[in-house]
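Only one structure is covered here, and it is reproduced in the block below.
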Amino acid sequence: MTKPKRLATLPRLALSVATLAIAHPALAQDARPNIVLIVVDDMGYSDMGAFGGEIPTPNLDALVGDGVQLTNFHVAPTCSPTRSMLMSGTDNHVAGLGSMAEEILDEQRGHPGYEGYLNERVVSFPEVLRDSGYHTYISGKWHLGGKEGQRPNARGFQRSFAMMNGGAHHFDQTGMIEALPKANYTADDQPIELGEDFTYSTDYFTAQLIEQIDSAADDAPFFGYLAYTAPHWPLQAPDASIALFKGKYDAGYDAIRDARLARMRDLGLIGPDVQPNTAPDLWPHWSELDAAQRATEARKMEVYAAMIHEVDQSVGRLVDHLKQKGEYDDTIFIFFSDNGAEGQLPENIMGGLNREWIDRAFDNSLENLGRQGSYFGYGPSWASVSQTPFRMVKGYTYEGGTRSPAFISYPGWKTGARLDQFVHVTDIAPTLLDLAGATPPAQRDGIALAPMTGHSLRPWLEGRAETARPQDEPVCTELFGRVSVWKDGWKMVHSNTPWGTGDFELFDIKADPAENRDLAADQPERLAGLKADWQDCQERFGIYWNEGLAPQMVYSNEAEYLFPRPQLAGAR
């Protein structure tokens, strides 16, 4: 049985549901949209079909076609900083994740903004939605604090099924490191052990969110946060899904990248003159691998593709369920990846200690890759392909670390549109609150809360503004000592060698989105202006930084440590 559409007779293009809720408070409950926020973990920019990928993603592509494709959407270089900005609508150094909790330096500890969890200085937008009458649900990865008072139910979620850690195995509760061999899960704020019905993370997270949605006893709108751990390593997927991609990657890195580039040009995602910023020469090349090594590498990408296929199929099940309930036409969908594709190999985390555990406890033989009991990543060369055409991957402030595939979809509303303007993850919270007719509080218990610094996209989405957010407003990113400042299509980057120059670089992102041409020497005045903006960001957001910081960070060690040529690759 389906329910009547809340907005069946209202013209969305002319007037948003948030406008109606504000103008007619009596309609605030029933007239406001449902919201489904889907975040994938470590998916590359060009992986899904609508962004040029060869991996079939028909359900995600259909949602893109029903909404607005965000081709210039930016996040932090890694997961928990991105998620803190998503929840708070402000900079991660304000929200408590100035660095990942696992990577905070001794000299950073004690500084405000480096607490390692979503701190009390910010309000999370689910808290605001809950207090304004929304049902609020989360299923999947949290990674914003695991202690009591830090978990999802304390930050606005009425119902929760959440994995507390940065990652976990997908077929069972195995953790990421030997020191924490079992991942931590909670259900409605209570620690739990996974049962036998937990067969695969993507399927289970989706089923849990559907159950939460169906548990509502009234017709109030809902917010559902579906936070997949796929395709974060370990790369694992059901055998049947992996089999769909057998042989699809036998041609290797360069051939897959070239095919993606051609599709991206055909789709108008990049200009005809854009050339990819290929992986550093320190990373493996297909031409140097023998037949057995190529078979292993191809298998890794087959498993990765199968994980994205599983995400797409699960999103399709959720969409079908909402259609059956009569909720689909009243639901906004937002989708993005939390950072660029992951090139770091899991055996190299924990200073290399993880390698010993993986070698001893897991079966990474070719025939077992992707199954329960295997533990591997696909490495920097495939990650670079996933980020085609951009420079670098997860962990870096170049476009390859921070540009994410994204869309916002509301059936019948700006259908098939594309937004090429810069948009930031901090814009999500104010946009959703604006559409829901909800206002964040200025204080809690008499203590001032940090204001949201992102911008609502609603005026642009409704055709009342030419830009989605002020394009001349600088946006600063810093993580692990690496820096970028974006402003009006120009970008300044500072990254340690050998990945960067160890000095400030300057790029014209509109003309050179792959960051191939450093214009620092040619544009000294523009560079000086961005340096001044960077200084202002440090002061406003409390960013602890100096030019010697990056080489100390785990993600910034030398190439032979972070991205070694794997044993399967021969010397060049």
Side-chain angles (χ1 to χ4, degrees), residues 17-18 32-41 43 48 59-60 63-64 66-70 73-76 79-80 82-89 95 118 123-130 132 134-144 152 155-163 202 205-206 208-210 212-213 221-230 311-312 314-319 321-322 327-328 330-339 404-411 413 423-436 438 440 452 454 456-458 461:
V17 291
R32 295 182 295 175
N34 304 316
I35 301 166
V36 171
L37 171 63
I38 304 169
V39 178
V40 287
D41 201 346
M43 191 177 94
M48 58 185 284
N59 296 295
L60 291 170
L63 288 173
V64 173
D66 272 344
V68 180
Q69 185 176 19
L70 306 176
F73 183 82
H74 284 75
V75 293
C79 48
S80 54
T82 289
R83 292 161 199 267
S84 72
M85 291 192 286
L86 169 66
M87 288 291 118
S88 68
L118 190 66
V123 63
S124 74
F125 79 86
E127 293 177 74
V128 185
L129 290 177
R130 177 201 61 196
S132 68
Y134 268 74
H135 294 305
T136 52
Y137 312 123
I138 179 176
S139 180
K141 176 174 172 176
W142 177 240
H143 202 200
L144 291 175
R155 300 316 303 253
F157 291 96
Q158 296 169 327
R159 295 286 312 280
S160 67
F161 176 82
M163 194 266 290
T202 301
F205 293 158
T206 307
Q208 286 293 305
L209 183 65
I210 289 173
Q212 291 168 357
I213 292 170
F222 69 82
F223 165 64
Y225 177 26
L226 185 51
Y228 291 120
T229 48
V311 167
D312 182 77
S314 282
V315 170
R317 285 191 289 274
L318 174 61
V319 167
H321 186 77
L322 293 177
E327 295 281 9
Y328 176 75
D330 293 316
T331 302
I332 293 173
F333 293 86
I334 307 95
F335 174 95
F336 66 91
S337 176
D338 63 352
N339 42 244
S404 164
F407 62 79
I408 180 168
S409 175
Y410 196 6
W413 183 42
V423 179
H424 194 251
V425 64
T426 55
D427 299 330
I428 296 296
T431 298
L432 296 182
L433 293 181
D434 197 356
L435 290 168
M452 293 187 176
S456 173
L457 307 180
R458 173 185 154 204
L461 292 168

Mind running side chain to side chain contact (heavy atoms under 4.5 Å, CB included) on Asp41 and Val39 for me, showing each step along the way? CA-CA 7 Å; Asp41 201 346; Val39 178; over 6 Å; no
Between Arg159 and His135, is there a side-chain heavy-atom distance shorter than 4.5 Å? no
For Ala76, is there any backbone N or O sitting under 3.5 Å from a side-chain donor or acceptor partner on Thr82? yes
Taking the side chain as every heavy atom from C-beta outward, state whether Ile35 and Tyr134 have any atom pair closer than 4.5 Å. yes
Suppose we call two aromatic rings close when their centres sit under 6.0 Å apart. Are Phe336 and Phe73 close by that rule? yes
In this structure, CG of Leu118 is separated from CE of Met85 (nearest 0.5 Å) by 12.0 Å
Any side-chain to backbone donor/acceptor pair from Ser456 onto Arg458? Under 3.5 Å, distance only. yes
Side chain proximity check, Pro33 to Thr331, heavy atoms < 4.5 angstrom: no
Shortest non-hydrogen contact from Thr229 toward Met163: CG2-CE, 3.4 Å
Checking Asp427 side chain against His424 main chain: does a donor-acceptor pair fall under 3.5 Å? yes
Supply the atom-to-atom distance Arg32 CZ to Ser132 OG, rounded to the nearest 0.5 angstrom. 4.5 Å
When the ring centroid of Phe333 is compared with that of Phe407, is the distance short of 6.0 Å? no
Looking only at heavy atoms, what is the nearest atom pair of Pro152 and Ile138, with distance? CB-CG2, 3.8 Å
Kindly compute the distance separating CG (Asp66) from OG (Ser409), expressed to the nearest 0.5 Å. 5.0 Å
Side chains of His321 and Tyr328: closer than 4.5 Å at any heavy-atom pair? no
Taking C-beta and beyond as the side chain, do Ser88 and Met452 meet within less than 4.5 Å on heavy atoms? no
Answer yes or no: is there a donor N or O on one side and an acceptor on the other, between the side chain of Gln158 and the main chain of Thr136, under 3.5 Å? yes
Does one side chain, of Asp312 or Asn59, offer a donor that lies under 3.5 Å from an acceptor on the other? yes
Quiz question: by atom type and distance under 3.5 Å, do the side chains of Asp338 and Tyr228 form a donor-acceptor pair? no
Just do the side chain to side chain contact (heavy atoms under 4.5 Å, CB included) check on His74 and Val423 with the steps written out, would you? CA-CA 6 Å; His74 284 75; Val423 179; over 6 Å; no
Determine, step by step, whether Val311 and Met48 satisfy the side chain to side chain contact (heavy atoms under 4.5 Å, CB included) criterion, reporting the C-alpha distance in whole Å, the side-chain angles of both residues, the deciding distance to 0.1 Å, and the verdict. CA-CA 11 Å; Val311 167; Met48 58 185 284; over 6 Å; no
Side chains of Arg83 and Ser80: donor-acceptor distance under 3.5 Å anywhere? no
With side chain to side chain contact (heavy atoms under 4.5 Å, CB included) as the test, would you mind laying out the steps for Leu226 and Leu37 before giving the verdict? CA-CA 6 Å; Leu226 185 51; Leu37 171 63; over 6 Å; no
Any side-chain heavy atom of Leu144 sitting closer than 4.5 Å to one from Ser84? yes
Atom pair CD1/OH of Ile213 and Tyr137 - distance to nearest 0.5 Å: 7.0 Å
As an exercise, state the distance from CD1 of Ile334 to CG of Leu432, rounded to the nearest 0.5 Å. 4.5 Å
For the pair Asn34 (side chain) and Phe222 (backbone), establish whether a donor and an acceptor sit closer than 3.5 Å, ignoring hydrogens and angles. yes
Under 3.5 Å: donor-acceptor pair, side chain of Ser139, backbone of Phe205: yes
Between Ser337 (side chain only) and Asn339 (backbone N and O only), is there a donor and an acceptor less than 3.5 Å apart? yes
So, do Ile408 and Leu457 sit near enough that their side-chain heavy atoms are less than 4.5 Å apart? no
How close do Thr206 and Thr202 get, heavy atom to heavy atom, and via which atoms? OG1-O, 2.8 Å
Considering only heavy atoms from C-beta outward, does the side chain of Val36 approach that of Ile332 to under 4.5 Å? no
Any sub-3.5 Å donor-acceptor pair from Glu127's side-chain atoms to Ser124's backbone N or O? yes
Under 30°, 30 to 60°, or over 60°: which ring-plane class applies to Phe157 and Tyr225, parallel, tilted or perpendicular? parallel
